[in-house]
Structure formats: C-alpha cells, structure tokens
Amino acid sequence: MAERRKFPPLAGELAAEFAGTMILILFGVGVVAQVAGADIGDHDSIAWAWGLGVTLGVYVAARISGAHLNPAVTVALAAFKEFSWRKVAPYVAAQTAGAFIAALIVRWNYSEILAKVDPGHTIKTQGVFSTLPGNGTLPVGTWGAFRDQVIGTAILLFVIKALTDARNAPPLANLGPFLIGLLVVAIGMAFGSDAGYAINPARDFGPRLAQFITGYGGAWKDQNGDLYFWVPIVAPLIGGVLGAGLYKLLIGWFLPSDDAEQDVAKPEPEYETA
C-alpha cells in the first residue's frame, strides 16, 4: 500500500474551512437566487436552506478544522484563548475564499435567470449575494443594521458555545452540527429583517466581491447609496466576541472545571476479591 503524502496540519485545516464554507454558501446564496430570480420559495425556505447549509458545512469540516466557517467564530475563540491567533488570518482567508468561489458558482449557474429578472444587475437582485439594511426595502439605516448584526452574532456565538462546551452537557451522537444549523434557522426567522442576518463576515464579503467582478457595480453600497460593505464585517466580529464573553460570564464561569467533571464521571476502581 502506498504511503499517504504528509501535509502540514494547517494545510488540511485550511482546506476544510474552504470546503465547509463553500458548501454553506452554495446552499445559502443558491436559495436566495432561486427565490429572487425564479420566485420559487419564500423567507422560510431561505431560512431553512441557510440552516441546512450550515449543518452540512459543519459536518464537512468539523473533524479536521473544527468547522468555524465564520471569521466571527474564529476571532471570538482566539479572543478567549481557545484558538491560536497565529491561525486566525489563514482561517479567515480560507473561509472568505470558499464563500467567494461558491458565490461565483451560483452566479454562473443562475446567470440566465438573473439576467432575465434584472438585466442591469442592480439593487433589485443585489441581495442574492450580499446583505442590505432592511433587506433593501425596509426603513433601516446603516447603524440600525450594525446594531442588528452585533445582536445576531452575539446570539450565534453564545449558543454555539453552549452547544460545544463539553462541561455543559452538549448534544451527543454528533448532533451538534444539526443543532447549530437549527440555531441559524431560528436567527433567520427571528432576526432576518433589519440586515439579512449575515452574522458572518466571510459569508457577506466573499459573495459581495464575486458579484462586483461579475457585473454588480453597486455591490459595495446599499439601496441609499451609502458605503455599506463594512457593516457585515465589523459588526459580526464585535458581536461574536460579545456573545462568547457573555457565555463565559453567565454560564461558563459556573460550570465545573474539566478536571472536576472527569472526577465525577470516573467510576470507582473495582478490586478483585479472588
């Protein structure tokens, strides 16, 4: 049997982050293209497809990289010394690249439909790829969207920490990715109006860049003409750290230590009597 070629561990982690994020965006951006371009589906189908995309992306990458798939997750973990700062930039680059390539695939696959419904590639279908305040129609400004992204990403990280903390009775039988997907569905259904629940800088910037180079000249601005692309980058990074910090303060602080849990779970030794 031929020996498997050895690669640096980081190379595998980056490949997994790229692939997992690509899967996430293929389903997420794909469903929005279908709803906006072909009028098949609605907000609920968008929320469910994004959640399923997260679930499938996490299953793809979890064993190798931990399946962050989101710079807000990566930065939040590093901020609390649960991930190496040395890996943050490579992880973010891999996540953004995966989102970018996935968006290019969706853009290509839906090119005829998008050209039919929006020949000028305008704000009408810009929301297929990138988020907008008030989803491009509701009276929400830049700072309202910023607030929304901080809150939404804080919820995301708070609950992710609860679902993945080994001290906090996490889901068994590898159900964690499924529940994280349901979390994204819930955020989309409850916090989807103000800013399209990007809650992930790579999810927004990668597809935004893809749409810009494929004909959407206004990709960096919102429906009001304001420079908007920075909001779904900066606000989720802040919200992620805030959510992880609140989990640590409100829950993590009161959980038993890893050593204590191991002591509790460890059975008493059995001594032979014969």
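What you are looking at is a predicted structure, and each value in this text was computed from that prediction instead of being measured.
Val75 is not listed as a side-chain neighbour of Phe83, based on a closest heavy-atom distance of 4.5 Å or more. At least one side-chain heavy atom of Phe146 sits less than 4.5 Å from a side-chain heavy atom of Ile238. Thr153 has its side chain out of reach of Leu237: every pair of non-hydrogen atoms, C-beta onward, lies at least 4.5 Å apart. Residues Thr142 and Asp222 form a side-chain contact, since some pair of their non-hydrogen atoms from C-beta on lies under 4.5 Å apart. Taking the side chain as every heavy atom from C-beta outward, Thr122 and Tyr216 never approach each other to under 4.5 Å. Side-chain contact check for Leu56 versus Leu24: every heavy-atom pair is 4.5 Å or farther apart.
Between Lys124 and Val117, the shortest heavy-atom distance links the atoms NZ-O, 2.9 Å. Between Asp204 and Phe229, the shortest heavy-atom contact is OD2-O, 4.5 Å. Ser45 approaches Val31 most closely through the heavy-atom pair O-CG2, 3.7 Å. The heavy-atom pair separating Pro207 from Ala103 by the smallest distance is CA-CB, 3.5 Å. The minimum heavy-atom distance linking Arg147 with Asp194 is given by the pair NH2-OD2, 3.2 Å. Across Gly141 and Pro133, no two heavy atoms sit closer than the pair O-CB, 3.9 Å.
From Arg203, atom CZ reaches atom CD1 of Ile233 across 12.0 Å, with rounding to the nearest 0.5 Å. Distance check, rounded to the nearest 0.5 Å: CD1 of Ile23 to CZ of Phe18 gives 10.0 Å. How far CG of Asp118 is from CD1 of Ile113: 13.0 Å, rounded to the nearest 0.5 Å. For the atom pair Phe205 CZ and Trp230 CH2, the distance stands at 15.0 Å (nearest 0.5 Å). The line from NZ of Lys116 to OG1 of Thr125 is 14.5 Å long, rounded to the nearest 0.5 Å. Note that CZ of Phe80 is 9.0 Å distant from CG of Leu157, once rounded to the nearest 0.5 Å.
Scanning for side-chain contact (heavy atoms from CB on, under 4.5 Å) contacts around Ala36 gives Val128, with sequence neighbours left out. Residues satisfying the side-chain contact (heavy atoms from CB on, under 4.5 Å) test with Ser193, not counting sequence neighbours, are Leu138.
No more than 12 heavy atoms of other residues, nucleotides or ligands lie within 6.0 Å of CZ in Phe191, so this atom counts as exposed by the packing criterion. Enclosure of atom CG in Leu172 is not indicated, since only 12 or fewer non-hydrogen atoms of other residues, nucleotides or ligands lie within 6.0 angstrom. Annotation for Asp42: atom CG counts as buried by contact number, over 12 foreign heavy atoms lying within 6.0 Å. Atom OH of Tyr247 sits in a crowded spot, with more than 12 heavy atoms from other residues, nucleotides or ligands closer than 6.0 Å.
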Begin from the C-alpha positions of Leu209 and Trp220 and carry the test side-chain contact (heavy atoms from CB on, under 4.5 Å) through to its verdict. CA-CA 8 Å; Leu209 179 60; Trp220 308 113; 4.1 Å; yes

Yes or no on side-chain contact (heavy atoms from CB on, under 4.5 Å) for Ile180 and Val54, after CA distance, side-chain angles and deciding distance? CA-CA 7 Å; Ile180 291 172; Val54 169; 3.9 Å; yes

Give the intermediate values and the outcome of side-chain contact (heavy atoms from CB on, under 4.5 Å) for residues Lys221 and Asp226. CA-CA 5 Å; Lys221 297 182 179 180; Asp226 296 328; over 6 Å; no

Stepwise side-chain contact (heavy atoms from CB on, under 4.5 Å) check, Phe100 with Met22: CA-CA 8 Å; Phe100 173 73; Met22 184 172 66; over 6 Å; no

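Ile25 and Leu52 fall into different hydrophobic clusters, defined by Ile, Leu, Val, Met, Phe, Trp and Tyr side-chain heavy atoms under 4.5 Å apart, directly or through other members. Placement of Leu77 and Ile64 in two distinct hydrophobic clusters is found when ILVMFWY residues are connected by side-chain heavy-atom separations under 4.5 Å, directly or transitively. Placement of Ile123 and Leu114 in two distinct hydrophobic clusters is found when ILVMFWY residues are connected by side-chain heavy-atom separations under 4.5 Å, directly or transitively. When hydrophobic clusters are built by joining Ile, Leu, Val, Met, Phe, Trp and Tyr residues whose side-chain heavy atoms come closer than 4.5 Å, directly or via intermediates, Leu26 is grouped together with Val29. Cluster membership check: Val150 does not share its hydrophobic cluster with Leu132, using side-chain heavy-atom separations under 4.5 Å among Ile, Leu, Val, Met, Phe, Trp and Tyr.
Applying the side-chain contact (heavy atoms from CB on, under 4.5 Å) test between Leu163 and each of Leu175, Leu179, Asn168 identifies Leu179 as the sole match. The side chain to side chain donor-acceptor pair (under 3.5 Å) test with Gln95 singles out one residue from Asn70, Asn200, Thr74, and that residue is Thr74. Partner of His121 under the side chain to side chain donor-acceptor pair (under 3.5 Å) criterion, out of Arg107, Gln211, Gln126: Arg107 alone.
A side-chain donor-acceptor contact under 3.5 Å links Arg208 to the backbone of Ala219. At least one donor-acceptor pair closer than 3.5 Å links the side chain of Tyr59 to the backbone N or O of Asn174. Under a 3.5 Å cut-off, the side chain of Asn135 and the backbone N or O of Gly192 do form a donor-acceptor pair. Between the side chain of Tyr91 and the main chain of Ser65, a donor-acceptor pair closer than 3.5 Å is present. Side chain of Thr55 to main chain of Gly51: a donor-acceptor pair is present (N/O by atom type, distance under 3.5 Å, no hydrogens or angles). Side chain of Thr21 to backbone of Gly98: no donor-acceptor contact under 3.5 angstrom is found.
Clustering of Ile, Leu, Val, Met, Phe, Trp and Tyr side chains at separations under 4.5 Å places Trp253 together with Phe254.
In this structure, a donor-acceptor pair under 3.5 Å is absent between the side chains of Tyr197 and Thr131.
Residues Lys161 and Asp165 are not paired through a salt bridge, judged by the lack of any N-O separation under 4.0 Å between the basic side chain and the carboxylate.
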